[in-house]
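Read through the structure below, which is laid out as structure tokens, and then see the notes.
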Amino acid sequence: MPLPKLVHTKRLTETNIRELSVYYDKGGMNYWDYSQKPKGIYFSTGLYEQVPGSGIKSWKTGQPGDGYILVTPLERYSKRALRLVHERVTEHADQIHAMFDLGGDVENLKRLLRGEPFTPVEIDDADTTVQRAEA
């Protein structure tokens with residue numbers, strides 16, 4: 001059974017949240033620029049507007065930090081590869097949010113997602129708005 005797509009959520013402001021997701025994509029047409037999207041394990045972030053206590057959220061397109069990264073190119077689905085990336089995002093979710101909060105060092109993020117050595121980002125301990133997604 002595939003792992004859940006949503007891995008982690010952080011409330012950025014009273015009405016804005018950032019979601020971190022990991023998923024397998026079988027490739028095909030990229031509908032944003034009509035290029036061919038390769039098969040593999042992807043990491044994505046989405047910025048949403050959500051009123052606290054409401055289950056309804058609206059996607060905020062075109063915001064810095066909104067998008068996806070191909071982490072592991074694959075020829076066919078691999079449960080193990082998906083699990084490894086999912087575990088890295090779960091373990092380092094606070095680091096990933098901090099990277100985006102500081103402007104998004106994409107190369108450093110890619111190293112973290114691939115399990116390579118990365119440069120840690122200092123995290124403000126006063127930030128208590130981080131929530132872990134239910135597995």
Report whether [X] and [Y] are members of the same hydrophobic cluster (ILVMFWY, side-chain heavy atoms less than 4.5 Å apart, transitive linking).
X: Ile96; Y: Leu82; value: yes
X: Met99; Y: Val85; value: yes
X: Ile69; Y: Leu102; value: yes
X: Leu20; Y: Val106; value: yes

Only counting residues at least two apart or in another chain, list the ones meeting ring pair (Phe, Tyr, Trp, His ring centres under 6.0 Å) with Phe118.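 By the ring pair (Phe, Tyr, Trp, His ring centres under 6.0 Å) rule, Phe118 matches His92.
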With rounding to the nearest 0.5 angstrom, report the [atom1] to [atom2] distance, [X] to [Y].
X: Leu74; Y: Lys26; atom1: CG; atom2: NZ; value: 15.0 Å
X: Leu84; Y: Leu113; atom1: CG; atom2: CG; value: 12.0 Å
X: Gln50; Y: Leu12; atom1: CD; atom2: CG; value: 11.5 Å
X: Arg76; Y: Tyr24; atom1: CZ; atom2: OH; value: 10.0 Å
X: Lys79; Y: Ile41; atom1: NZ; atom2: CD1; value: 12.5 Å
X: Ser58; Y: Tyr48; atom1: OG; atom2: OH; value: 10.5 Å

Check this for me: does any side-chain nitrogen of one of [X] and [Y] sit under 4.0 Å from a carboxylate oxygen of the other?
X: Arg83; Y: Glu87; result: yes
X: Glu91; Y: Arg88; result: no
X: Lys39; Y: Asp25; result: no

Side-chain contact test, heavy atoms from C-beta onward, threshold under 4.5 Å: evaluate it for [X] versus [Y] and give yes or no.
X: Gln95; Y: Leu109; result: no
X: Tyr42; Y: Val71; result: no
X: Thr72; Y: Arg114; result: no
X: His86; Y: Val7; result: yes

Pairs satisfying side chain to side chain donor-acceptor pair (under 3.5 Å), at least one member in residues 12-21, at least two apart: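 Found Thr13-Asn16, Asn16-Lys60, Arg18-His97, Arg18-Asp101, Glu19-Lys57.
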Taking atom CD as the centre, does Glu75 end up with more than 12 heavy-atom neighbours from other residues, nucleotides or ligands that are less than 6.0 angstrom away?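 No.
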Report the C-alpha separation of Phe43 and Val89 in whole Å, then their side-chain angles, then the decisive distance to 0.1 Å, and conclude whether the side chain to side chain contact (heavy atoms under 4.5 Å, CB included) test is met. CA-CA 9 Å; Phe43 165 81; Val89 172; 3.8 Å; yes
Identify whether NZ of Lys or CZ of Arg in Lys37 sits under 6.0 Å from the centre of the six-membered ring of Tyr31 and within 45° of that ring's axis.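 Judged by the rule, Lys37 and Tyr31 form no cation-pi pair.
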